[in-house]
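Taking it in order: structure first as structure tokens, then the write-up.
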Amino acid sequence: KDLMSRPGAWGAKGAAEQVHKDFLYRTLGVKACAPVAAVMAVTGREPIAHAWLRRLLRFWNGIVKRPEDDLVRMALACNASTAEVVRGRGGAPSWVSAVRTVVHALDQNASALVTTASELHGSELVKKVGELWMETVWKGVLSEEQEGEGDPVRSCPDSGVRANNGYKLRTFKHWFYTPFQVGCGYVYHLLRQQQIHAISRLFLGAHDFEVERGRFRGGVRQQRAARVCKCCDMGTVEDEMHVLLECPAWEQLRVLTGVFTYDIGGPPSKERMCAVTHCGNDAVRWRQLADFIIRVEAKRKVMYRENAW
């Protein structure tokens with residue numbers, strides 16, 4: 001059933017996918033507000049339905065490559081000749097009709113190969129469904145070009161952008177995102193749960209900084225410009241860049257944890273953020289960044305409690 005739904009929505013529904021998502025969110029220690037595209041990106045995961053598709057195509061091609069007088073091959077060819085694309089939810093389709101429906105949603109020309117029990121180009125179909133899914137969950141953010149001058153996140157207007165995932169995805173893309181590589185990234189180099197959760201909250205917008213905390217203060221959505229930092233007198237929005245690079249309240253912690261060692265200097269910018277947050281294969285840097293976030297969050301809680309903010 002999951003494969004027969006719209007391919008771009010694969011991974012959005014289904015009991016198996018829900019278990020998959022719950023596991024990832026719990027492992028990273030983030031709230032449901034974290035964009036699923038970003039969660040998948042930092043863990044190198046993909047919807048379970050994509051793996052099902054690969055297995056389905058391997059199974060199909062394994063049968064059609066058998067000799068023509070093979071009984072299983074003959075049964076498949078017989079069913080394939082009458083297979084129709086299933087539309088709507090009426091009735092229970094045959095297995096071959098279900099296969100054709102899945103393939104038809106990805107490539108109408110390829111669906112004709114199902115009726116002749118021919119070999120399917122699995123790599124092309126898998127690539128296409130991956131592209132469809134990326135386009136759906138990233139909402140075009142991953143491929144969009146920067147408009148105007150200044151930092152691409154801070155210069156993003158408050159209106160015309162999705163209140164939740166749109167802005168968070170832009171923040172993740174421009175300040176934290178790097179293409180996933182096996183063995184590279186904080187999910188490989190951090191062993192303490194507290195450190196993994198700290199980096200995840202920072203990268204995925206599931207933290208308690210004012211840019212997130214103040215979104216719906218009092219049940220009313222506040223403009224981003226009103227979500228200023230309470231820990232300093234700069235009058236600046238308390239976003240991830242402010243916490244990492246600007247806020248004078250955390251100057252000592254930057255030096256103490258060593259995070260500033262990799263700062264390239266200059267005014268706050270995307271380049272400075274990437275210099276600090278793109279730690280690559282350096283486990284020491286990941287630990288320093290995680291410890292900085294942990295200490296900042298602990299001190300913020302004390303300040304908020306003492307000042308009843």
(message) Just to verify, what does Asp22 make a side chain to side chain donor-acceptor pair (under 3.5 Å) with, not counting sequence neighbours?
(response) Gln18

(message) Please determine whether side-chain contact (heavy atoms from CB on, under 4.5 Å) holds for the pair Leu190 and Arg287, giving the CA-CA distance in whole Å, both sets of side-chain angles, and the decisive distance to 0.1 Å.
(response) CA-CA 7 Å; Leu190 295 178; Arg287 287 196 293 269; 3.7 Å; yes

(message) Could you work out, with side chain to side chain contact (heavy atoms under 4.5 Å, CB included) as the rule, every residue matching Gln222, not counting sequence neighbours?
(response) Arg217, Ala226, Arg227

(message) Restricting to salt bridge (charged side-chain N to carboxylate O under 4.0 Å, His left out), what partner residues turn up for Asp282, sequence neighbours left out?
(response) none

(message) Is any side-chain heavy atom of Gln288 closer than 4.5 Å to one of Leu256?
(response) no

(request) Taking atom types as modelled, find out whether His242 and Glu246 have a side-chain donor-acceptor pair closer than 3.5 angstrom. (result) yes

(message) List the residues meeting salt bridge (charged side-chain N to carboxylate O under 4.0 Å, His left out) with Glu251, not counting sequence neighbours, and say none if there are none.
(response) Arg254

(message) Let's go through Arg213 and Asp208 carefully: what are the C-alpha distance in whole Å and the side-chain angles of both, what is the deciding distance for salt bridge (charged side-chain N to carboxylate O under 4.0 Å, His left out) to 0.1 Å, and is it a yes or a no?
(response) CA-CA 5 Å; Arg213 182 189 183 100; Asp208 201 33; 2.6 Å; yes

(message) Applying side chain to side chain contact (heavy atoms under 4.5 Å, CB included), can you list everything that pairs with Glu306, at least two apart in sequence or on another chain?
(response) Val302

(message) Restricting to side chain to side chain contact (heavy atoms under 4.5 Å, CB included), what partner residues turn up for Asn307, sequence neighbours left out?
(response) Met303, Trp309

(message) Measuring centre to centre across the rings, with the benzene-like ring taken for any Trp, is Trp138 within less than 6.0 Å of Tyr177?
(response) yes

(message) Could you see if Ile294 belongs to whatever hydrophobic cluster contains Trp250? Use Ile, Leu, Val, Met, Phe, Trp, Tyr and a side-chain cutoff under 4.5 Å.
(response) no

(request) Identify, with sequence neighbours excluded, every residue that meets side chain to side chain donor-acceptor pair (under 3.5 Å) alongside Gln181. (result) none

(request) Apply side chain to side chain donor-acceptor pair (under 3.5 Å) to Tyr188 and list each qualifying residue two or more places apart in sequence or on a separate chain. (result) none

(request) Determine whether the side chains of His20 and Glu17 contain a donor N or O and an acceptor N or O closer than 3.5 Å. (result) yes

Would you give me the side-chain donor-acceptor pairs under 3.5 Å for residues 274-281, sequence neighbours excluded?
residue, atom, partner, partner atom, Å
Thr277, OG1, Trp175, O, 2.8
Thr277, OG1, Met273, O, 2.9
Asn281, OD1, His189, NE2, 2.6

(message) Can you list everything that forms a side chain to side chain contact (heavy atoms under 4.5 Å, CB included) with Glu119? Sequence neighbours excluded, please.
(response) Asn61, Val64, Lys65

(message) For Phe59 and Trp95, I'd like to know if the aromatic rings sit close, meaning centre-to-centre distance below 6.0 Å.
(response) yes

(message) Please confirm whether the ring centroid of Tyr186 lies under 6.0 Å from the ring centroid of Phe203.
(response) yes

(request) May I ask you to check whether Glu240 and His207 show a side-chain donor-acceptor distance below 3.5 Å? (result) yes

(message) Could you tell me if the side chain of Val137 sits less than 4.5 Å from the side chain of Met40, heavy atoms only?
(response) no

(message) For Arg54, is there an ion pair with Glu46 - N to carboxylate O distance below 4.0 angstrom?
(response) yes

(message) Is there a side-chain contact between Val187 and Trp286 in this structure, where contact means two heavy atoms from C-beta onward sitting under 4.5 Å apart?
(response) no

(request) Output all residues satisfying side chain to side chain donor-acceptor pair (under 3.5 Å) with Glu124, sequence neighbours left out; order by chain, then residue number. (result) none

(request) Can you measure from NE2 (His121) to CG (Leu113) and round to the nearest 0.5 angstrom? (result) 6.0 Å

(message) Can you list everything that forms a salt bridge (charged side-chain N to carboxylate O under 4.0 Å, His left out) with Arg58? Sequence neighbours excluded, please.
(response) none

